[in-house]
Every structure is written in C-alpha cells, then in structure tokens.
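Side chains included, hydrogens not; waters and symmetry mates left out as well; all remaining heavy atoms used.
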Amino acid sequence: MKIKIAPSILAADLSCLGDEIARAIEGGCDAIHVDIMDYHFVPNLSFGPAIVETVRRLTDLPLDVHLMADNPLDMIESFAQAGSDYLTIHVEVVENMPAALETIRNLGVHPGISLKPDTPVESVIRYIDLVDILLVMSVYPGFGGQ
C-alpha cells in the first residue's frame, strides 16, 4: 500500500492559494485536503463550497473534503456539486452512517468516515467496507497548526 499525501489548504496562505497548491503538487502530493469547520462541531469556522469550487479550478488532483460539522448531511450535496472527490463525515455526529455513506456515494463522491482522537476505533469498524477513506485524527478537530 502506497502512503498518500494530502496537504490541507487550512495551512495555506490564501492570498496566493494557486501558488500554494502548485507548490504542493510540485512537492508530490496525491490530493488536496480541504477542512470544513462549522463553528458548532468545532469552535472555528473555515470554508464553504465556494473554496472547493476554486480549488477544483486550480487542480485536477482529487479533493478530499473533511466535513467537521454537526449536520454534515445538510452540506454534502453542495460540496459534491462544488467538485469534491471525497467527502469525509464524523462518526460522532451521524446517526445512520450506512445511509449517509450511500447518499454520498450516490452523489458520485467517494465516502469517508473520520473519528476524533478520543473516539474508540471500534465505532467505525462495522462501516469499514462502506468507505473509501478512513481519517483517524491525531489532533482534536477545529484548530489548524496543532
């Protein structure tokens, strides 16, 4: 299995996002990660679908969109239409995970699950065959630069 690298634009200088993405590509990244924070699930607010549309225009690499949100199902269609290739939702907030993952896949996007550092990995094991990406966070969501 090849390790894949997906740098987050959360760490980018947004005043020159195109240059930052070009540098990441030159450095050999495999995808671009976009952290979406809703100010509810996490105590910060980041980007909306418009930034995904912008990044989509800047690269053909896969866009890995991580929805750190209380109600990710309210957002998935907008982010899918914006150009996401992967949509990752948190196991801590989704009640019917199989249905949510199927909804994402039916939008033509690869579904993923994420879990916070203190969430037991057992909470996602039963869904592992339903996802194309599993994001096990090593830091608490909502704060860039940890």
Side-chain angles (χ1 to χ4, degrees), residues 2 4-22 24-25 29-146:
K2 178 187 182 278
K4 294 189 177 185
I5 298 173
S8 174
I9 66 165
L10 194 61
D13 177 347
L14 295 179
S15 70
C16 52
L17 184 57
D19 293 337
E20 296 276 83
I21 289 172
I25 293 168
C29 74
D30 300 289
I32 301 296
H33 187 84
V34 183
D35 286 306
I36 306 299
M37 297 183 278
D38 71 348
Y39 203 63
H40 297 283
F41 180 68
V42 297
N44 278 308
L45 183 64
S46 66
F47 310 115
I51 196 76
V52 173
E53 289 175 354
T54 298
V55 175
R56 175 77 296 147
R57 287 193 307 268
L58 295 171
T59 183
D60 291 329
L61 284 178
L63 300 185
D64 172 22
V65 178
H66 176 200
L67 300 177
M68 292 176 273
D70 271 346
N71 298 302
L73 298 181
D74 293 344
M75 304 173 155
I76 59 174
E77 189 169 348
S78 296
F79 281 101
Q81 291 173 354
S84 303
D85 294 292
Y86 292 84
L87 277 172
T88 301
I89 56 179
H90 272 265
V91 69
E92 297 90 357
V93 295
V94 175
E95 289 185 30
N96 187 343
M97 187 58 77
L101 297 171
E102 182 179 359
T103 299
I104 293 169
R105 196 173 297 282
N106 287 341
L107 289 168
V109 179
H110 297 279
I113 296 176
S114 183
L115 63 152
K116 297 189 288 186
D118 56 357
T119 300
V121 73
E122 292 79 20
S123 66
V124 298
I125 296 298
R126 62 183 167 221
Y127 309 122
I128 205 76
D129 291 333
L130 303 177
V131 298
D132 296 336
I133 189 169
L134 174 62
L135 174 57
V136 179
M137 297 192 70
S138 60
V139 297
Y140 289 94
F143 301 97
Q146 290 182 69

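- Put simply, the side chain of Thr103 does not reach to within 4.5 Å of the side chain of Leu73, judged on heavy atoms.
- Ring planes of Tyr86 and His110: parallel class, angle under 30° (limits at 30 and 60°).
- Considering only heavy atoms from C-beta on, Val91 comes within 4.5 Å of Tyr127 through its side chain.
- Here the shortest heavy-atom pairing between Ala69 and Met75 reads CB-SD, 3.6 Å.
- Between Ile89 and Ala100, the shortest heavy-atom distance links the atoms CD1-CB, 3.8 Å.
- At least one donor-acceptor pair under 3.5 Å links the side chain of Asp38 to the backbone N or O of Asp70.
- For Ser114 (side chain) and Thr88 (main-chain N/O), no donor-acceptor pair under 3.5 Å exists by modelled atom type.
- The two residues Leu101 and Gly112 come nearest to each other via the heavy atoms CD2-O, 3.9 Å.
- With a 6.0 Å radius and a threshold of 12 heavy atoms from other residues, nucleotides or ligands, Glu53 has its CD atom above the threshold.
- Of the listed residues (Pro62, Pro7, Ser8), just one forms a side chain to side chain contact (heavy atoms under 4.5 Å, CB included) with His33, and that residue is Ser8.
- Residues Asp35 and His66 come closest through the heavy atom pair OD1-ND1, 3.2 Å.
- To the nearest 0.5 angstrom, Leu61 atom CG is 8.0 Å from Leu63 atom CG.
- Using a 4.5 Å heavy-atom cutoff, the side chains of Ile9 and Phe47 are in contact.
- Within the 4.5 Å cutoff, no side-chain heavy atoms of His90 are placed close to those of Leu67.
- Asp85 meets the salt bridge (charged side-chain N to carboxylate O under 4.0 Å, His left out) test with Arg56; sequence neighbours excluded.
- A heavy-atom distance below 4.5 Å is found between the side chains of Ile51 and Leu17.
- Distance CG/Asp60 to CD1/Ile32: 11.5 Å, rounded to 0.5 Å.
- The closest donor-acceptor contact from the side chain of Asn71 to the backbone of Asp74 lies at 3.5 Å or more, if one exists at all.
- Smallest separation of non-hydrogen atoms from Pro120 and Leu115: O-CD1, 3.9 Å.
- Screening Val136, Leu134, Leu135 for a side chain to side chain contact (heavy atoms under 4.5 Å, CB included) involving Val124 leaves a single residue, Leu134.
- Enclosure of atom CG in Asp118 by more than 12 non-hydrogen atoms of other residues, nucleotides or ligands within 6.0 angstrom is indicated.
- Counting non-hydrogen atoms of other residues, nucleotides and ligands closer than 6.0 Å to CD of Glu102 gives a total of 12 or fewer.
- Residues Thr119 and Met137 form no side-chain contact, since every pair of their non-hydrogen atoms from C-beta on lies 4.5 Å or further apart.
- The two atoms that bring Pro72 and Val94 nearest to each other are CG-CG2, 3.8 Å, heavy atoms only.
- Among residues two or more places apart in sequence or in another chain, the salt bridge (charged side-chain N to carboxylate O under 4.0 Å, His left out) test is passed with Asp30 by Lys2.
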*Please step through side-chain contact (heavy atoms from CB on, under 4.5 Å) for the pair Met37 and Leu10, ending with a clear verdict.*
CA-CA 10 Å; Met37 297 183 278; Leu10 194 61; 3.8 Å; yes
